[in-house]
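Reading through the structure tokens given below for one structure.
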Number of protein chains: 2
Amino acid sequence: MSDEAQRLKQARDEFVAQWGAMGSQWGINRTMAQIHALLMTAVEPIGTDDVMAELEISRGNAHTNLKELVTWGLVRVVVKKGERREFFEAEKDVWKIFTIVTRERKKREIEPALAVLSRCSEGSRGMKSAEGQAFHSQMQQLEEFVGFASKVADRVGSMKHGFAVQLAAKLLG
Amino acid sequence: MSDEAQRLKQARDEFVAQWGAMGSQWGINRTMAQIHALLMTAVEPIGTDDVMAELEISRGNAHTNLKELVTWGLVRVVVKKGERREFFEAEKDVWKIFTIVTRERKKREIEPALAVLSRCSEGSRGMKSAEGQAFHSQMQQLEEFVGFASKVADRVGSMKHGFAVQLAAKLLG
DNA sequence: ATCTACTTTCAGTATTCACTGAAACCTTAG
DNA sequence: CTAAGGTTTCAGTGAATACTGAAAGTAGAT
């Protein structure tokens, strides 16, 4: 193997390992993040067995996490003609990756919070005691803010890349 | 206990429980989120023993998570005169809470990612093979995007509430 | 209809992460 | 100094989560 090919393999392994470690920090399961890293840096679609071999994981594990990535929309299933098995290919456009992750995190983090806050705010409406009023007010403020974050996430998530860049340039300028 | 006081207790318990459950989703430990919820809805500073009693957790657990909340900056230590023990009080301003969480998440999620990407991008600079170039390009794009997200987080985190509201109004308008 | 090449599921196991409770450690008061 | 009141640490335990491997399921090919 050439020197460069070795360096490349090393760099890629490092990326896969570290991206996986990062996944934990992000509340995403390590294997899923590793598979994602592997696919993002693959030149062409790869199959379940390649994933198993590369990451030294079981078929079940590879399967589950590949399907989860497909559910998120970060990975597509590809069928090659003349091949019976499925191959997988990751979305590589960073802006698309970002909007997908934004959408998922909104679903998982913001929306449940909003539901909780709504109920707590509603359940304490019109209380007479100082404590009751303070609680209601706190719930209302949180609800308003989170609702607002939810709208921002929607808006940003549906922007075209170019527009987002413009907006951000203004923000940072 | 009056009817209203009961309703309040119920609503507050629900908030604490649900906020805790949410914490898991957010990659924050459940107890820490529960303590935070408890403190956010407390009328006055409370002590370790109150937290232990309210959440039915051990001293060690209460202690560790209270200190972690203090480290984050979401909770302050308060000393009452004539009292030897420490009391705790949460920041209640939602915008401040938001900026603190933004700062912490940037530190925990964005900065390590950036470091990884830098190294991988650097380590694959100037490769000749198509694979090497594709890898380098992918790393560069990710690095650029994440670096950018980092700056946005800084900027938003240091905004005054009023300014952020204005900006957001424009964004959502 | 049967074989073959895969995909999917899931009970059991391993790993990781959080919690307990008790001991060690401060700090102020007497 | 010693005692009392309070805080901090941490080894051991428990709960949650992820992973394995093998069996069951599916679908195209013969």
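Chain naming here is simple, since letters A, B, ... match the order of the sequence lines and numbering starts at 1 in each.
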key: Minimum-distance pair of heavy atoms, taken over all atoms of Leu8(A) and Met127(B)   = N-CE, 3.5 Å
key: side-chain contact (heavy atoms from CB on, under 4.5 Å) partners for Val165(B), two or more places apart   = His161(B)
request  = Write down the atom of Ala33(B), the atom of Gly20(B), and the distance for their closest heavy-atom approach.
outcome  = CB-CA, 3.8 Å
inquiry  = Using every non-hydrogen atom in the two residues, find where Val16(B) and Ala37(B) come nearest and quote the distance to one decimal.
reply    = CA-CB, 3.8 Å
request  = With side-chain hydrogen bond (donor to acceptor under 3.5 Å, both in side chains) as the test, would you mind laying out the steps for Glu143(A) and Ser118(A) before giving the verdict?
outcome  = CA-CA 6 Å; Glu143(A) 186 187 0; Ser118(A) 269; 3.0 Å; yes
task = Taking heavy atoms of chain A and a 4.0 Å limit, find me the 5'-most and 3'-most nucleotide of DNA chain C within that range.
result = dT4(C) to dT9(C)
inquiry  = Short of 4.0 Å, heavy atom to strand atom, which residues of residues 65-90 of chain A count as contacting DNA chain D?
reply    = Asn65(A), Arg84(A)
key: Ser137(B) and Gln141(B): side chain donor to acceptor below 3.5 Å   = yes
ask   = For DNA chain C, what residues of residues 28-64 of chain A have any heavy atom nearer than 4.0 Å?
value = Arg59(A), Gly60(A), His63(A)
request  = Not counting sequence neighbours, which residues clear side chain to side chain donor-acceptor pair (under 3.5 Å) with Lys151(A)? List them please.
outcome  = none
request  = Answer with yes or no whether the hydrophobic clustering places Phe88(A) together with Met52(A); edges join I, L, V, M, F, W, Y residues whose side-chain heavy atoms lie under 4.5 Å apart.
outcome  = no
note = Those residues at least two apart in sequence (or on a different chain) that pass side-chain contact (heavy atoms from CB on, under 4.5 Å) with Gln166(A) are Phe163(A)
remark   = side-chain contact (heavy atoms from CB on, under 4.5 Å) test vs Glu14(B) passes for just one of Gln18(B), Arg12(B), Gln10(B), namely Gln18(B)
